[in-house]
2 protein chains.
Amino acid sequence: MHSFTEENYLKAIYHLSDANNTVVSTNSIAEVTNTKAASVTDMLKKLADKKLINYIKYQGVTLSNTGIQAAVNIVRKHRLWEVFLVEKLGFKWDEVHDIAEELEHINSASLIDRLDDFLGNPAADPHGDPIPDRTGTFVHKKLVKVSDLKEGQTGTISGVNEHSSLFLKHLEKLGLTLGTKITISDIIEFDGSIMLIADKTKERTISREVAKNILVIL
Amino acid sequence: MHSFTEENYLKAIYHLSDANNTVVSTNSIAEVTNTKAASVTDMLKKLADKKLINYIKYQGVTLSNTGIQAAVNIVRKHRLWEVFLVEKLGFKWDEVHDIAEELEHINSASLIDRLDDFLGNPAADPHGDPIPDRTGTFVHKKLVKVSDLKEGQTGTISGVNEHSSLFLKHLEKLGLTLGTKITISDIIEFDGSIMLIADKTKERTISREVAKNILVIL
DNA sequence: TTAAAAATTTAGATTAATCTAAATTTTTAA
DNA sequence: TTAAAAATTTAGATTAATCTAAATTTTTAA
């Protein structure tokens, strides 16, 4: 098995490559792992030796097939634990990230498979992010940013692009949580703010910045 | 917070001192932590600096009040997770130790308090060991070894002194699980083996060694 | 096309946890 | 009471992960 630290690097590379396995830079990894570039270089050598990444000096890094597998498994664990925390223990969707960050490193395949069943094999975590199954297969729903909708268009909130507690609490306050049906009533020309009707009754105005981070299914 | 390693030493010292805070030797700690005595000495110095233990060179070690608190909290977490694994995820009582060994280091007070409530504030783990409440208070039931019972005496199995999978599976096979009511029908003079009736109907014979590790409430 | 800036790597150190072998202290048993 | 055995500690090394400062490579922008 891999160390906690190795797992965190794999996860960082996975997320930075945007699930597309695009090339990731040393500096970007340093930023999300809260380390310095020099430390990242050391670790990249180690991960390359273990064949978890494809690494060419000065040219950035991609995950190998084994690396992707490992990363997806960590993501699976993280998201299942988030579902557990919200559905079973009653945490709010903005409170679970840090705890799941620890739980995702617990090492037991049977634990995770049983947890998956216990939770009813959920398709998505509390933020709408898809949960891969035990083989690592994702079902990606086609999601659109609210900022890309036109006046009159309708959608159901199904995900977010920003996971900070601050942002999630804001959405909560506005009643714009997962499953909410919205219709765009107006797009303000001045600054791109968007007026919408949530659940057919609630009028809300959100900034373009907020709109960019809310995802709907059409 | 303390590192995983520090937590494991505190837990080891706690268990070795038999919950009585008796003096614990360097070698005994080395044995249960799978390290060498020299490594233990190094760590003891560190824990003493942090005021988690009372340590006199060559004289062994006891936990300080802070150390006891920390150790009891780890025990609480371990046992609550074991209940979760058995009650909610359907693991057998002999399968949960290693996973709980990892989960006990997850660091979130609100997680554990919520888990406690979710599980219905259980008084004991799947092996009958008492679970301290959030203040660290234990309710110790008065338990007696089956090997200390006399012919004709009756009791309810409420704990075990041995947690190995091998032993627990053996008890399972014999039907001698927690909650089973037993009556001693005969004590064999030759080797101290004990014959008993479980749940009023099942005749069983167990070795003295097995009997020593089964605990009953009278 | 090339000099300056930015990104990355290397060199050499540090910290936590561990080890072996040698030294020291305590315990045991004659 | 004391020599041998057992337990413990010290000294000096090692591994994983990190760091700063210097060196190298790549990218950018005139």
Length of the line joining [X]:[atom1] and [N]:[atom2], which is rounded to integer Å:
X     : N     : atom1 : atom2 : answer
A/Q59 : C/dT9 : CD    : P     : 9 Å
A/L44 : C/dT9 : CG    : P     : 7 Å
B/K45 : D/dT8 : NZ    : P     : 14 Å
A/Y58 : C/dA6 : OH    : P     : 17 Å
A/E31 : C/dA7 : CD    : P     : 11 Å
B/M43 : D/dT9 : CE    : C1'   : 16 Å

[X] side chain N/O closer than 4.0 Å to the phosphate oxygens (OP1, OP2) of [N]?
X     : N      : value
A/S25 : C/dA7  : no
A/N27 : C/dA6  : no
B/Y55 : D/dT9  : yes
B/K57 : C/dT24 : no
A/K36 : D/dT20 : yes
A/Y9  : D/dT18 : yes
A/S3  : D/dA16 : no
B/T35 : C/dT18 : no
B/T41 : D/dT9  : yes

Watson-Crick or G-U wobble partner for C/dA30, using a 3.5 Å limit on both distances?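 Its partner is D/dT1.
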Both distances below 3.5 Å, Watson-Crick or wobble geometry, any strand: find the nucleotide opposite D/dA22.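 C/dT9 - that is the nucleotide pairing with D/dA22, both distances being under 3.5 Å.
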B/N54/B/S64 under side-chain hydrogen bond (donor to acceptor under 3.5 Å, both in side chains): CA gap, chis, key distance, verdict: CA-CA 6 Å; B/N54 310 114; B/S64 70; 5.5 Å; no
Classify the nucleic acid contact of A/T5 as base, sugar-phosphate or nothing, counting any heavy atom under 4.0 Å across all strands shown.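 Here A/T5 touches the backbone only, sparing every base.
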Using 0.5 Å steps for rounding, measure from the CG atom of B/D98 to the CG atom of A/N107.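 Going from the CG atom of B/D98 to the CG atom of A/N107 covers 11.5 Å.
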With nearest nucleotides of DNA chain D determined for B/T26 and A/N34 from heavy-atom distances, which residue corresponds to the more 5′ nucleotide?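 Looking at DNA chain D, the more 5' nearest nucleotide goes with B/T26.
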In terms of the nearest nucleotide of DNA chain D, which residue is placed more toward the 5' end: B/A38 or A/D42?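 By nearest-heavy-atom nucleotide position, the 5'-most residue is B/A38.
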Can you confirm if the aromatic rings of A/Y9 and A/F4 lie within a centre distance of less than 6.0 Å?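 Aromatic pair excluded; centres sit 6.0 Å or further apart.
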Considering the options B/R79, B/E82, B/E162, which one meets the side-chain hydrogen bond (donor to acceptor under 3.5 Å, both in side chains) requirement together with B/H127?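 Answer after filtering B/R79, B/E82, B/E162: B/E82.
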